[in-house]
Amino acid sequence: MKPEATPKMTVLSSPVGLKSIISSLVAFSIIVGFAAFLFYQGQEGQVLMAIEHGHQEMQVQVAAEHHEQLRVKEAKVQLTAEPPDVSKEECNWSTGQWVYDNVSRPLYSGLKCAFIFPELSCDKYGRKDAMYQHWRWKPHGCDLPRFNATRLLEKLRNKRLVFVGDSLNRNQWVSLVCMVEASIPDDRLKMRVFNGSLISFKAFEYNVTIDFYWSPLLVESNSDDPIIHRVEYRIIRADRIDKHANAWRDANIIIFNSYVWWRKHKPDMRMKVMYGSFEDGDARLEEVEMVDGFEIALRKLTEWLGENIDKNRTRIFFAGSSPTHNWASNWGGVDRNKCLNETEPVYKVGYKATGTD
């Protein structure tokens, strides 16, 4: 785990007088002394809050200076975008653009949400800019309502929602529970539980459970360990899904995702499919193309769902791949650059994912 980054003092380019400089140094010395006092008193949480506050104040100043530049970019995007079809009663949420919003965003604090995994906790481990927390998706021709955690919890009262899949669905779960738990300040009314591949968030007042279950290849496989799973040699069991299915069998809403793990990372990569079992002595392996292995897993999943899920009780969703971002030149960035130093959304209208083979 990386050590927490020490906040740095940023000097703005606006001219200041000697008196202002001395006042700033005195104020800074007071803050540092106060933070040191709290630290040696064992009040680590208060120190972090003081640092966080100063960090956020600095980001507000940076955001304000940069906001006008973003407004110009946004205006250019709007000029080139297709005009909305106001005749439609419902707009297409999948077509639109990112707009900078420092009024209703962010929806939660990354420093305060306990559900964010360390490798994704950007601001906690030293990311200097906080602009990424203020972007809001605006479809052409309509506005998405602001997320309302209380309303969602009321809708989910006495229900269980489960995300099933790989890290993409886990990230969706993290975002959702961070937004929800921020609306429940009393720690006695919420709980987080880790149980192997299953991570649970419980909101006791509403009797709501929001879970994530690690199952990157849907059926049983040699990648089922949520920690040790970065293996190129992948094996799925074509006829085994019950071990996973027991984790979501009683859910009211299930959101599956699977795709990235079926992509080829090298031209000759193939999926191993196991039939039978070692216990019965009839185990055998077959090699298939990755996409054919994906079809085998989907068939087994849909077969199980058809036989075990009551459509009147449980709603099922399936999320495919996320947009890829191989080269910044695809969206107007520096040629042959990937995501290095990319801190703003894609402005290019009509940008589509690439590299989905």
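A quick note: this is a predicted structure, and the numbers were derived from the prediction, not measured.
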> Taking only residues two or more places apart in sequence, or in another chain, which ones meet His244 in a side chain to side chain contact (heavy atoms under 4.5 Å, CB included)?
Replying inline: Tyr213, Ser215, Glu220, Asp224, Trp248
>> If I take atom CG from residue Leu176 and atom CZ from residue Phe147, how far apart are they, to the nearest 0.5 angstrom?
In response: 5.5 Å
I'd like a table of donor-acceptor pairs (distance under 3.5 Å, sequence neighbours excluded) in which one partner is a side-chain atom from residues 266-273, with atom names and distances.
unit_1, atom_1, unit_2, atom_2, d
Lys266, NZ, Glu232, OE1, 3.1
Arg270, NE, Glu287, OE1, 3.3
Arg270, NH1, Glu289, OE2, 2.8
Arg270, NH2, Glu287, O, 3.1
Lys272, NZ, Glu287, OE2, 3.1

>> For Arg157, I'd like to know if atom CZ has over 12 heavy atoms of other residues, nucleotides or ligands within 6.0 Å.
In response: yes
>> Enumerate the salt bridge (charged side-chain N to carboxylate O under 4.0 Å, His left out) contacts for residues 160-174, please, sequence neighbours excluded, ordered by first and then second residue.
In response: Arg160-Asp211, Arg160-Asp250
> CD1 of Ile228: more than 12 outside heavy atoms within 6.0 angstrom?
Replying inline: no
> What residues form a side chain to side chain contact (heavy atoms under 4.5 Å, CB included) with Ser94, not counting sequence neighbours?
Replying inline: Asn92
> Do Met274 and Leu285 have side chains that get closer than 4.5 Å, going by heavy atoms?
Replying inline: yes
> Phe212 vs Trp173 aromatic rings, parallel, tilted or perpendicular, using cut-offs 30° and 60°?
Replying inline: tilted
> Checking side chain to side chain contact (heavy atoms under 4.5 Å, CB included) for the pair Val208/Leu161: CA distance, chi angles, key distance, verdict?
Replying inline: CA-CA 8 Å; Val208 169; Leu161 164 62; over 6 Å; no
>> Tyr100 vs Trp135, test: side chain to side chain contact (heavy atoms under 4.5 Å, CB included). Steps then yes/no.
In response: CA-CA 5 Å; Tyr100 182 76; Trp135 294 98; 3.8 Å; yes
> Considering all heavy atoms of both residues, which atom of His229 and which atom of Ser223 are nearest to each other, and what is their separation?
Replying inline: CB-O, 3.7 Å
>> Please check: side-chain N/O of Asn169 versus main-chain N/O of Phe163, any donor-acceptor pairing under 3.5 Å?
In response: no
> Roughly how far, to the nearest 0.5 Å, is the CZ atom of Phe318 from the CG atom of Leu305?
Replying inline: 10.0 Å
>> So for atom CZ, which belongs to Arg299, do other residues, nucleotides or ligands contribute more than 12 heavy atoms lying within a distance under 6.0 Å?
In response: no
> So how far is it from Thr209 OG1 to Asn252 CG, rounded to the nearest 0.5 Å?
Replying inline: 9.5 Å
>> Salt bridge or not between Glu154 and Arg151? Use side-chain N to carboxylate O under 4.0 Å.
In response: no
>> Test your reading of the model: is there a side-chain donor-acceptor pair from Arg234 to the backbone of Leu217, 3.5 Å cut-off?
In response: no
> Just by modelled atom types, is the Val180 backbone N or O under 3.5 Å from a matching donor or acceptor in the Ser183 side chain?
Replying inline: yes
> Taking all non-hydrogen atoms of both residues, which atom of Ala251 and which atom of Val162 are closest, and how far apart?
Replying inline: CB-CG2, 3.6 Å
> What are the two closest heavy atoms between Trp262 and Pro216, and how far apart are they?
Replying inline: NE1-O, 4.2 Å
> Where do Pro226 and Ser197 come nearest, in terms of heavy atoms and distance?
Replying inline: CD-OG, 3.7 Å
>> Rounded at 0.5 Å granularity, tell me how far CG in Asn222 sits from CZ in Arg237.
In response: 11.0 Å
>> So, using side-chain hydrogen bond (donor to acceptor under 3.5 Å, both in side chains) as the criterion, who are the partners of Arg146 when residues are at least two apart?
In response: none
> Do the side chain of Trp137 and the main chain of Leu144 share a donor and acceptor less than 3.5 angstrom apart?
Replying inline: no
>> Going by the rule side chain to side chain contact (heavy atoms under 4.5 Å, CB included), which residues pair with Asn207 if we only count those two or more places apart in sequence or in a different chain?
In response: Asn158
>> Restricting to non-hydrogen atoms, name the atom on Val288 and the atom on Asp292 that form the minimum distance, rounded to 0.1 Å.
In response: CB-CB, 4.1 Å
> Above 12 or not: heavy atoms from other molecules or residues under 6.0 Å from CZ of Arg313?
Replying inline: yes
> For Cys122 and Tyr132, which heavy atoms make the closest approach, and how far apart are they?
Replying inline: CB-OH, 3.6 Å
>> Classify the ring geometry of Phe294 against Tyr259: parallel below 30°, tilted from 30° to 60°, perpendicular beyond 60°.
In response: perpendicular
>> Using only atom types and a distance under 3.5 Å, with no angle test, would you say the side chain of Arg136 pairs donor to acceptor with the backbone of Arg105?
In response: no
